[in-house]
J.: 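Have a look at this one before I ask anything.
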Amino acid sequence: LFHDFAKSLDIDYEKLKESIDEKYNTWVKDGWRDGNGKEITDWHQSFKNTVPHLKPWPKKSTQTTTVVKAKFGKK
């Protein structure tokens with residue numbers, strides 16, 4: 001339901017999917033309260049207000065891992 005609503009909005013859902021997952025999981029974990037502890041009574045509107053602040057997660061890159069290992073060792 002949450003993701004269906006997100007897909008219905010004029011956003012690039014695929015780019016924001018991980019951020020949307022994280023927002024949903026945070027709200028569930030926090031008992032449907034926002035970052036200020038206020039109860040979310042209209043999650044549709046709360047999500048619409050949140051969308052402009054969501055950012056795509058960076059893609060995992062094996063090149064970055066290789067550079068880090070080369071610079072700092074294999075730990």
Side-chain angles (χ1 to χ4, degrees):
L1 186 60
F2 192 86
H3 284 277
D4 290 338
F5 178 71
K7 288 177 186 177
S8 75
L9 300 177
D10 186 22
I11 61 173
D12 190 340
Y13 174 81
E14 289 304 318
K15 281 188 177 179
L16 296 174
K17 185 178 181 319
E18 289 85 4
S19 293
I20 292 168
D21 285 340
E22 184 65 25
K23 180 51 62 182
Y24 174 78
N25 291 333
T26 299
W27 283 350
V28 168
K29 178 180 67 79
D30 293 343
W32 289 95
R33 295 190 175 278
D34 66 16
N36 297 317
K38 183 178 176 191
E39 183 180 0
I40 296 171
T41 57
D42 181 354
W43 68 265
H44 293 92
Q45 190 59 49
S46 293
F47 183 74
K48 284 182 186 180
N49 293 341
T50 300
V51 167
H53 304 285
L54 297 178
K55 304 227 182 314
W57 284 25
K59 298 273 186 202
K60 292 181 181 174
S61 168
T62 56
Q63 180 182 8
T64 302
T65 304
T66 304
V67 170
V68 170
K69 283 182 180 178
K71 194 169 189 175
F72 298 106
K74 294 185 179 184
K75 292 184 180 181

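Positions are given from 1, in the same order as the sequence printed here.
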J.: Which donor-acceptor pairs under 3.5 Å do the side chains of residues 45-55 make with protein atoms, sequence neighbours left out?
T.:
| from | atom 1 | to | atom 2 | distance (Å) |
| --- | --- | --- | --- | --- |
| Gln45 | NE2 | Asn49 | OD1 | 3.1 |
| Ser46 | OG | Asp42 | O | 3.2 |
| Asn49 | ND2 | Gln45 | O | 3.4 |
| Thr50 | OG1 | Ser46 | O | 2.8 |

J.: For residues Leu1 and Trp43, report the shortest heavy-atom separation together with the two atoms involved.
T.: O-CH2, 4.0 Å
J.: For Pro56 versus Leu16, what's the shortest heavy-atom pair and its separation?
T.: N-CD2, 3.7 Å
J.: Quick check: does any side chain N or O of Asp30 sit under 3.5 Å from a backbone N or O of Trp32, one acting as donor and the other as acceptor?
T.: no
J.: In the structure I gave you, are the side-chain heavy atoms of Lys17 and Trp57 within less than 4.5 Å of one another anywhere?
T.: no
J.: Working to the nearest 0.5 Å, report the span between NZ of Lys7 and CG of Leu9.
T.: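 Lys7 atom NZ to Leu9 atom CG measures 12.0 Å (nearest 0.5 Å).
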J.: To check you understand the geometry: which heavy-atom pair defines the closest contact between Ile11 and Ala6, and what is its length?
T.: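 Smallest heavy-atom distance, with atoms named: CD1-O, 3.5 Å.
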J.: Between His3 and Tyr13, do the side chains contain an N or O donor and an N or O acceptor separated by less than 3.5 Å?
T.: yes
J.: Rounded to the nearest 0.5 Å, how far apart are NZ of Lys23 and CZ of Phe2?
T.: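 Reported value, rounded in 0.5 Å steps: 8.5 Å.
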